[in-house]
Each structure stands twice: as C-alpha cells, then as structure tokens.
Amino acid sequence: QPNGRALKYMVTLYDIINESSKEFTVSATTNLLTIDALTPYSQYAVTVSFFNTNYSITSNATLFDTKQGTPSLVLPPTITSITYSSLIVQWVAPTHPNGEITDYV
C-alpha cells in the first residue's frame, strides 16, 4: 500500500442550529454508520474523514434536514371572559414544536 495502511474513518455530525458536533470513529473496513437520536425538524451537516498511517483527508459536508416529529406537550388552556354565550380560550404553543404548527384540534 503506497500511501500507508488504512486506519479508520471519522464521521462528524454538525448540529447547525445548536452549533455543536459529535464525532464517531468507524473501522477502516466499514463504510456504513447509523446515527440515532437526532432532533426532529433540525439542520445537520456530515463529513467523513479517512485516516491511514501517513495521511488524512476529509470530504465536503453533506447538508440535510430531519423530518418533522411529534410536538411536545401542550399545556391545559386558560378560560377567560365567560359570558352566557361565549368564552375566550387561550393556550401556549408547545415548547418544542418539532415542525410547523398548522392547526390546533
């Protein structure tokens, strides 16, 4: 092997919204990695670096968005201005909408 023995891959996941990253070391004999526990409706970037005994090289980043998920709990509504024929219902949106809120049912 003229450029050195293959050692490992390093997969780096960048959470663009939270400005954080995680690195995963993968055997040089593998070219597949499953990453769990991503945040719904978020933006990420992934790079892959290859290391051998003499060199390393890193790919360009691949950007992606995770799909929408289930919103966090909606707190019970507040009822005000009760009359004989009407009332006002008010609530707070979920802390983590995990997507676009289009309707309340």
Look up atom [atom1] in [X] and atom [atom2] in [Y], then write down how far apart they are to the nearest 0.5 Å.
X	Y	atom1	atom2	result
Thr25	Leu7	OG1	CG	11.5 Å
Gln90	Thr78	CD	OG1	6.5 Å
Tyr55	Thr53	OH	OG1	9.5 Å
Leu13	Lys22	CG	NZ	7.0 Å
Asn98	Thr39	CG	OG1	8.0 Å
Thr47	Tyr9	OG1	OH	13.5 Å

Side-chain ([X]) to main-chain ([Y]) donor-acceptor, under 3.5 angstrom:
X	Y	value
Thr30	Leu32	no
Ser42	Pro40	yes
Ser59	Val48	yes
Asn18	Ser20	no
Thr66	Tyr41	yes

Stepwise, does the side-chain contact (heavy atoms from CB on, under 4.5 Å) test hold for Phe64 with Val46? CA-CA 8 Å; Phe64 67 94; Val46 175; 3.5 Å; yes

Please check if the number of heavy atoms outside Ile57 that lie under 6.0 Å from its CD1 is greater than 12.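 Not more than 12 within 6.0 Å, no.
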
Connected via hydrophobic side-chain network under 4.5 Å: [X] and [Y]:
X	Y	value
Val92	Ile88	no
Val74	Val89	yes
Leu63	Ile35	no
Ile101	Ile17	no

Check whether any side-chain heavy atom of Asp15 sits under 4.5 Å from a side-chain heavy atom of Ser21, and report yes or no. no

Taking every non-hydrogen atom, the tightest pair across [X] and [Y]:
X	Y	answer
Gly99	Gln68	CA-OE1, 3.1 Å
Met10	Glu23	SD-CB, 3.6 Å
Phe51	Ser56	CD2-CB, 3.4 Å

Run the side-chain contact (heavy atoms from CB on, under 4.5 Å) test on Val26 and Val11 for me, step by step, so that the C-alpha distance in whole Å, both residues' side-chain angles and the decisive distance to 0.1 Å come before the verdict. CA-CA 7 Å; Val26 181; Val11 178; 4.2 Å; yes

Give the C-alpha distance, both sets of side-chain angles, the deciding distance and a yes or no for side-chain contact (heavy atoms from CB on, under 4.5 Å) between Arg5 and Asn52. CA-CA 5 Å; Arg5 184 174 58 86; Asn52 66 22; 5.9 Å; no

With distance as the sole criterion, is a donor-acceptor pair present between the side chains of Tyr14 and Glu19 under 3.5 Å?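 No, Glu19 and Tyr14 have no side-chain donor paired with an acceptor closer than 3.5 Å.
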
Go through the structure and list residues passing side chain to side chain donor-acceptor pair (under 3.5 Å) with Ser49, not counting sequence neighbours.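 Ser49: side chain to side chain donor-acceptor pair (under 3.5 Å) contacts with Thr58.
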
Chi angles and distances behind the side-chain contact (heavy atoms from CB on, under 4.5 Å) call for Asp36, Thr34: CA-CA 6 Å; Asp36 296 321; Thr34 300; 3.6 Å; yes

